[in-house]
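Okay, structure first, notes after.
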Amino acid sequence: MKDPIFDLINNEKKRQSEGLELIPSENYVSANVLEAMGSVLTNKYSEGYPSFEGIGEWDETKIATKILPNYRYYGGQANVDRIERLAIDRACRLFHADHANVQPHSGANANEAVYFAWCEPGDKILAMSLPAGGHLTHGSPVTRSAKIYNFISYGVTADGDINYDELEQKALAEQPKIILIGYSAFMKIPDFARVAKIAAKIPNCLLMADMAHVAGLIAGGVHPNPLDYGFHVMTTTTHKTLRGPRGGLILSKGNVASPLKKPEKTIENIPILIDRSVFPGTQGGPLEHIVAAKAVAFGEALQPEFKTYAKDIVKNAKVLAEELIKHGFVLQGGGTENHLILVNVKDGFGFDGKIYEKALDMVGLTLNANAIPTDKGGAFHPSGVRLGTPAITTRGLGTSEMKTLAAWMKKVADICAEAETEEKLADFAAELETIRNEVRALALKFPVPGI
Ligand code: DSN
């Protein structure tokens with residue numbers, strides 16, 4: 001009997017092809033990334049690390065023949081060592097880092113590994129609050145990290161920027177071990193230099209950036225790189241704007257050396273401390289099929305075409321934001337400087353983000369309901385929706401399609417305003433179906449890579 005899982009995978013291919021993905025943290029990987037992920041590398045155990053020793057000035061052709069010592073706990077690593085080493089070298093090149101740990105299974109694991117590398121239980125970490133646009137792993141009380149470390153939070157100003165005055169005042173008063181700049185719903189470009197100046201006044205303060213959302217924009221040169229502004233560590237996922245497999249990555253500046261010997265706990269030694277923290281500190285065996293897919297994605301991001309892609313993501317986001325404003329939508333921060341748009345539908349139209357998410361799903365436009373800073377609606381009735389352009393830009397949609405998209409979003413908003421409840425959306429099935437057909441027709445003109 002055929003496993004029904006494969007029918008479900010085929011259904012998902014159809015859903016992805018016939019709809020448009022607007023969730024700002026999602027993307028479509030290339031056929032090569034998919035192939036690496038689905039490879040025999042999944043059969044291999046490789047706890048430990050490949051050699052850190054140089055293979056020459058980024059000469060990838062030498063890696064096939066050079067004998068590399070390793071720090072692994074299993075035999076049979078000849079190919080895996082080379083693959084992981086390529087992933088590390090490419091990541092360092094892409095992000096101007098001295099060191100990369102490519103093993104974190106996710107962004108959450110990457111963040112936890114950095115905290116564990118640098119902090120002792122009870123140490124203070126200063127990060128953006130979740131309602132302001134920060135991430136769960138930046139100190140939300142429901143997480144394990146928040147039970148171990150003492151998180152202090154800063155917020156955003158009324159115009160949607162980081163409240164740098166609050167950040168500085170709290171940093172000086174609390175003397176945190178880590179200052180963290182990172183977010184999952186923030187539309188401005190952070191002033192990394194200003195934060196680095198603040199951190200310089202605090203002894204042994206690690207500067208950490210969680211750039212999961214914008215890593216692809218950094219790689220493509222359209223967003224500043226925190227590692228160029230004095231930050232010591234940058235974490236990211238690899239599957240958002242960076243367009244690789246689902247996974248995490250930690251980049252750092254400092255001394256690179258064997259992870260076998262326990263190093264002194266200094267900021268210069270943070271690369272080695274991070275390696276020890278990822279394995280054996282917080283993870284077991286790395287997923288080498290994913291590491292290979294990360295290497296493929298980093299290789300793609302090093303190509304000149306990726307710069308055009310990153311530029312187009314931002315261009316599309318800005319046009320989409322302007323068009324939405326013209327249609328009467330209220331945008332948090334008044335627009336966007338990156339790939340992400342946060343719309344306050346409650347203020348604009350009177351309904352909450354959940355009904356809008358549902359109605360848009362019915363027409364094949366996928367995004368997510370999201371709280372806006374100072375939201376009173378809670379997690380289940382947030383006032384906003386969050387959307388972005390990384391995935392649709394991968395499919396080749398451009399500025400004229402952004403105008404069509406904004407017009408559809410307005411039509412669906414008008415339907416929600418009349419329906420008022422999710423149940424009553426059924427009364428508007430015919431209108432929604434008409435939009436659904438238009439979305440499908442457009443989507444099919446822009447094939448999903450790898451399908
Ligand atoms: N789930 C990711 C996002 O959507 O922003 C963050 O982890």
Side-chain angles (χ1 to χ4, degrees), residues 16 19-29 104-115 125 127-146 151 153 156 160 162 180-190 208-218 223 233-251 282-283 290 294 297 313-314 317 332-333 336-343 353-354 356-357 360-361 365-373 375 379-380 382 384-394:
Q16 292 191 12
L20 293 174
E21 187 53 69
L22 299 173
I23 293 175
S25 46
E26 293 189 10
N27 213 329
Y28 306 105
V29 298
H105 302 328
S106 70
N109 291 35
N111 285 344
E112 262 203 61
V114 177
Y115 305 152
I125 301 174
M128 187 187 277
S129 76
L130 185 62
H135 189 250
L136 277 170
T137 58
H138 301 168
S140 166
V142 297
T143 62
R144 179 170 54 176
S145 302
F151 281 86
S153 59
V156 289
I162 290 172
L180 170 53
I181 299 293
Y183 34 79
S184 57
F186 180 71
M187 290 71 58
K188 305 272 184 199
I189 308 261
M208 172 179 175
D210 174 351
M211 295 288 100
H213 264 267
V214 294
L217 304 185
I218 295 171
H223 188 290
V233 178
M234 172 177 147
T235 58
T236 180
T237 49
T238 45
H239 49 269
K240 298 187 174 88
T241 47
L242 196 48
R243 212 164 59 179
R246 309 197 77 75
L249 170 68
I250 309 173
L251 301 140
T282 54
Q283 285 191 175
I290 301 296
K294 287 174 185 172
I313 292 177
V314 178
Q332 173 70 11
T336 186
E337 294 177 354
N338 55 28
H339 64 299
L340 189 149
I341 299 168
L342 192 56
V343 184
K354 271 288 170 200
Y356 195 42
E357 176 191 296
L360 286 167
D361 230 2
L365 299 176
T366 314
L367 47 58
N368 66 285
N370 211 94
I372 53 144
D375 209 321
F380 294 105
V385 292
R386 191 185 65 146
L387 67 155
T389 51
I392 50 177
T393 306
T394 292

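Every number for a ligand or one of its atoms is a count from 1 in the order of the listing. Along the sequence shown, the residues carry numbers beginning at 1.
There is no side-chain donor-acceptor pair under 3.5 Å between Asn368 and Glu357. For the residue pair Asp210 / His138, a side-chain donor-acceptor distance below 3.5 Å is found, with atom types taken as modelled. The closest side-chain donor-acceptor pair between Arg243 and Thr394 falls under 3.5 angstrom.
Distance alone, capped at 3.5 Å, is enough to place a donor-acceptor pair between the Arg386 side chain and the Ser184 backbone.
A salt bridge links Glu112 with Arg144: the distance from a Lys NZ or Arg NE/NH1/NH2 to an Asp or Glu carboxylate oxygen falls below 4.0 Å.
Closest heavy-atom contact between Asn370 and Ala185: ND2-CB, 4.0 Å.
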Extract all N/O-N/O pairs under 3.5 Å that connect ligand 1 to the protein, and present each with both atom names and the distance rounded to 0.1 Å.
| unit_1 | atom_1 | unit_2 | atom_2 | d |
| --- | --- | --- | --- | --- |
| ligand 1 | 4 (O) | Ser25 | OG | 2.6 |
| ligand 1 | 4 (O) | Arg386 | NH2 | 2.7 |
| ligand 1 | 5 (O) | His213 | NE2 | 2.7 |
| ligand 1 | 5 (O) | Arg386 | NH1 | 2.8 |
| ligand 1 | 7 (O) | His135 | NE2 | 2.7 |

